[in-house]
Protein chains: 2
Amino acid sequence: MSAPSHGWPTEETPLSAELLPDRVAAMLSRRISEGAIAPGTRLPTEQKLAALFGVSRNVVREAVARLRADGLVDARQGVGSFVLAPERRLAIRIDAAALGGEGMAQLFELRAILETEAARLAAARGTEAHLERIGAALERMRGEERWEEGSIDADLVFHREIAAATGNAFIETFVSFICERIRGSIRHARAINPIADLVEVNLGEHDRIYAALRAAAPDEAEAAMRAHLVGAAARVGVILKR
Amino acid sequence: MSAPSHGWPTEETPLSAELLPDRVAAMLSRRISEGAIAPGTRLPTEQKLAALFGVSRNVVREAVARLRADGLVDARQGVGSFVLAPERRLAIRIDAAALGGEGMAQLFELRAILETEAARLAAARGTEAHLERIGAALERMRGEERWEEGSIDADLVFHREIAAATGNAFIETFVSFICERIRGSIRHARAINPIADLVEVNLGEHDRIYAALRAAAPDEAEAAMRAHLVGAAARVGVILKR
DNA sequence: AGTGATCGCATCATCCTACAACTTGGAGGT
DNA sequence: ACCTCCAAGTTGTAGGATGATGCGATCACT
């Protein structure tokens, strides 16, 4: 037993539809983020990993390359790959597994923090061009009567355009990212549990936001956005505190 | 000439220290995010990319694998890799190039939104264990008299622990990520322009935050955090509006 | 001629082998 | 004790081979 028992029980692969490198990367990533590999320690060599996972070294390389790109490990030629401290990460990634129950509530809370402030800033700074694009998204939503793919898309655009109206590219990126993740996880639950999510309700809330933005009223925009998010969260079974 | 002139001038590589796959991925990523490749269109085949960049197909594969992991392209076996709409991205990545001037101000604004709210939540929810860890970071900072590596590290821990005290894992991740990116970009400017950034100033601001958290006073915690961030931004030459 | 099944082709996914570049550590000589 | 050189181990890169997959063209049958 030369390996110091890293604890690699090969983890029977649950035959997911993902590609091999993605699976390997996901497993390693989970081990690292769970602290099962302690920062500073060295990963097994690529050859050993290949043997452990039962894949070729090329597949392992793609997986490790992704970990390196995310800043989870530091691969040094001729030495090995070392686990980095978690705060060194270079990319934020949210996998669906983290959104079960409590995770979704937390993500909604983060979303609310960003979007309420985004609404406030958009009301204060949004140009006519911005407002027109927000209005266009609203109109697209108005056309549909059921809450399905088309209107959900328009909803995302609506929120993204508000974030863009802040003039802050990072706010736009982060809000868009979070909304997209929430949408992705909702789609599954929705098919099973078709909550009464009438367009009228949503439209009323959206109209209030838009009116506040048009009126350049930051306080009202923030309040309207908060009310909308509380409602949206409730509609997917999440209670948004505060 | 079968290739419909994607416009691939091979882009002479500026001999950076990065690895080959990283360089290829960065080039492709830039093309995509700049819109030079229009969503929906197909990338050249891996063989052609390998020939264009003058590298092996393996290198291209690692690069494309990373793009796919980030949600920038969708690679379908036997067909090709297609560029996705920008909002479909699965990871947030901030490269240093985006932080020149205006970028840094925008990132600070985003940071302020998150951290002021985080301070408020931490004051309301933080447990004794959380507060102790925040205090420990503060003590570590107090030991140093110059603002250098050690105290900067402690500063990061201080902010991260406050985010952790919200009990929201996503807030912790996002705040930590943003602080780390700002730190990385500051380090360079700092070496050239050693702004008067005395520890006492920083400590005073931090003490105010800590006192507010101890007192479980959300409003004061938020105000103290805002004051600190305005000061921190000013010290690196960024004016934080509002 | 129209329709359906079949085949071939382009492409990605995976695997394999080999070599280059780099680091480490020890053998051996000075 | 110190320096030099070399051998082993590891990651980085190259190139090819093979299987899997999706698409279009061809071909046979009606």
Got a sec, which residues hit salt bridge (charged side-chain N to carboxylate O under 4.0 Å, His left out) with [X], two or more places apart in sequence or on another chain?
X: A:R160; value: B:E87
X: A:R61; value: A:E46, B:E62
X: B:R133; value: B:E161

- Query: Looking for any heavy atom pair under 4.0 Å, which part of the strands does B:E46 touch: base, sugar-phosphate only, or nothing?
  - Reply: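 Touches sugar-phosphate only.
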- Taking only heavy atoms on the protein side, list every residue of residues 64-75 of chain A lying under 4.0 Å from any atom of DNA chain C, sorted numerically.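 Residues of residues 64-75 of chain A that come under 4.0 Å of DNA chain C do not exist, since none gets that close.
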Whole angstroms only, please: what is the [atom1]-[atom2] distance between [X] and [N]?
X: A:E62; N: C:dA13; atom1: CD; atom2: P; result: 8 Å
X: B:L49; N: D:dA14; atom1: CG; atom2: P; result: 14 Å
X: B:R42; N: D:dC23; atom1: CZ; atom2: C1'; result: 11 Å
X: B:Q47; N: D:dA17; atom1: CD; atom2: C1'; result: 12 Å

- Query: Between A:P21 and B:T45, which has a closest nucleotide on DNA chain C that is more 5'?
  - Reply: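 That would be B:T45.
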- Qualifying side-chain hydrogen bond (donor to acceptor under 3.5 Å, both in side chains) pairs, either residue in residues 97-109 of chain B, two or more places apart: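 The answer is A:R125-B:E109, A:N168-B:E109.
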- Task: Please name all residues satisfying ring pair (Phe, Tyr, Trp, His ring centres under 6.0 Å) with B:H130, sequence neighbours left out, ordered by chain then number.
- Result: none
- Item | Those residues that, when tested against B:F174, pass ring pair (Phe, Tyr, Trp, His ring centres under 6.0 Å) (two or more places apart) | A:F174
Could you give the side-chain donor-acceptor pairs of residues 175-182 of chain B under 3.5 Å, partners two or more places apart or in another chain?
| unit_1 | atom_1 | unit_2 | atom_2 | d |
| --- | --- | --- | --- | --- |
| B:E180 | OE2 | B:R183 | NE | 3.4 |
| B:E180 | OE2 | B:R183 | NH2 | 2.9 |
| B:R181 | NH1 | A:R89 | O | 3.0 |

- Item | Short N-O contact, B:R68 and B:D74, less than 4.0 angstrom | no
- Note on the structure: Once base and sugar-phosphate atoms are separated, protein heavy atoms under 4.0 Å mark nucleotides 15-25 of chain C, 5' to 3', with B, S and - as BB-B--BBS--
